Enquirer: 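Mind having a look at this structure? Questions to follow.
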Amino acid sequence: MLNDMHQRIEKWRLWPKLMSLFVGYMWLEFNDYFFAVPIDKHSEFALVQYAAITGVFVGFCKFYMDAGKQ
């Protein structure tokens, strides 16, 4: 019974979908924060942080899309 339920969850790819919702939500929240700060208060480090977090989001999305191919 547990094995059958596990296979259904894997078939639906429930965990990657939940993770993509979480990562997407965090990315939107970070965008709200980043663009609320006046541009003259930004430092180069803030831009590097924004690029890193956006890169992680895009990389996760690519990994998720490629993981479904069998």
Side-chain angles (χ1 to χ4, degrees):
M1 182 171 150
L2 286 176
N3 192 25
D4 184 43
M5 188 166 80
H6 175 70
Q7 288 176 346
R8 273 190 270 155
I9 289 173
E10 287 296 318
K11 181 181 172 187
W12 295 336
R13 299 181 68 203
L14 187 60
W15 178 247
K17 287 179 182 171
L18 290 174
M19 284 301 296
S20 65
L21 283 174
F22 173 74
V23 170
Y25 172 75
M26 293 305 293
W27 184 65
L28 289 173
E29 288 296 317
F30 182 73
N31 278 337
D32 287 344
Y33 163 75
F34 184 80
F35 290 114
V37 176
I39 194 71
D40 60 337
K41 302 288 185 197
H42 282 283
S43 67
E44 291 178 9
F45 184 67
L47 295 174
V48 170
Q49 284 179 316
Y50 182 75
I53 290 173
T54 302
V56 168
F57 177 71
V58 170
F60 181 82
C61 289
K62 182 188 180 335
F63 174 76
Y64 175 69
M65 295 300 175
D66 288 345
K69 299 175 183 174
Q70 297 282 338

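FYI, side chains are in, hydrogens and waters are out, and symmetry mates aren't considered; it's all heavy atoms of this structure. Everything quoted here is computed from the prediction, not taken from an experiment.
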Enquirer: With sequence neighbours left out, write down each residue that passes side chain to side chain contact (heavy atoms under 4.5 Å, CB included) with Tyr50, or none if nothing qualifies.
Expert: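 Partners of Tyr50 by the side chain to side chain contact (heavy atoms under 4.5 Å, CB included) criterion, ordered by chain and then number, come out as Phe30, Asn31, Phe34, Phe35, Thr54.
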Enquirer: Assigning hydrophobic clusters by single linkage (Ile, Leu, Val, Met, Phe, Trp, Tyr; side-chain heavy-atom cutoff under 4.5 Å), is Val56 placed with Leu21?
Expert: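 No; Leu21 is not reachable from Val56 via cluster members.
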Enquirer: For the hydrophobic clusters of this structure (ILVMFWY residues joined by side-chain heavy atoms under 4.5 Å, transitively), does one cluster hold both Val58 and Val48?
Expert: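 No, separate clusters.
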Enquirer: Do Ile53 and Leu28 sit in one hydrophobic cluster, given that two such residues count as connected whenever their side-chain heavy atoms are within less than 4.5 Å of each other, even indirectly?
Expert: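 Cluster IDs for Ile53 and Leu28 match.
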Enquirer: Asp40: what forms a side chain to side chain contact (heavy atoms under 4.5 Å, CB included) with it, not counting sequence neighbours?
Expert: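 Listed in chain order: Pro38.
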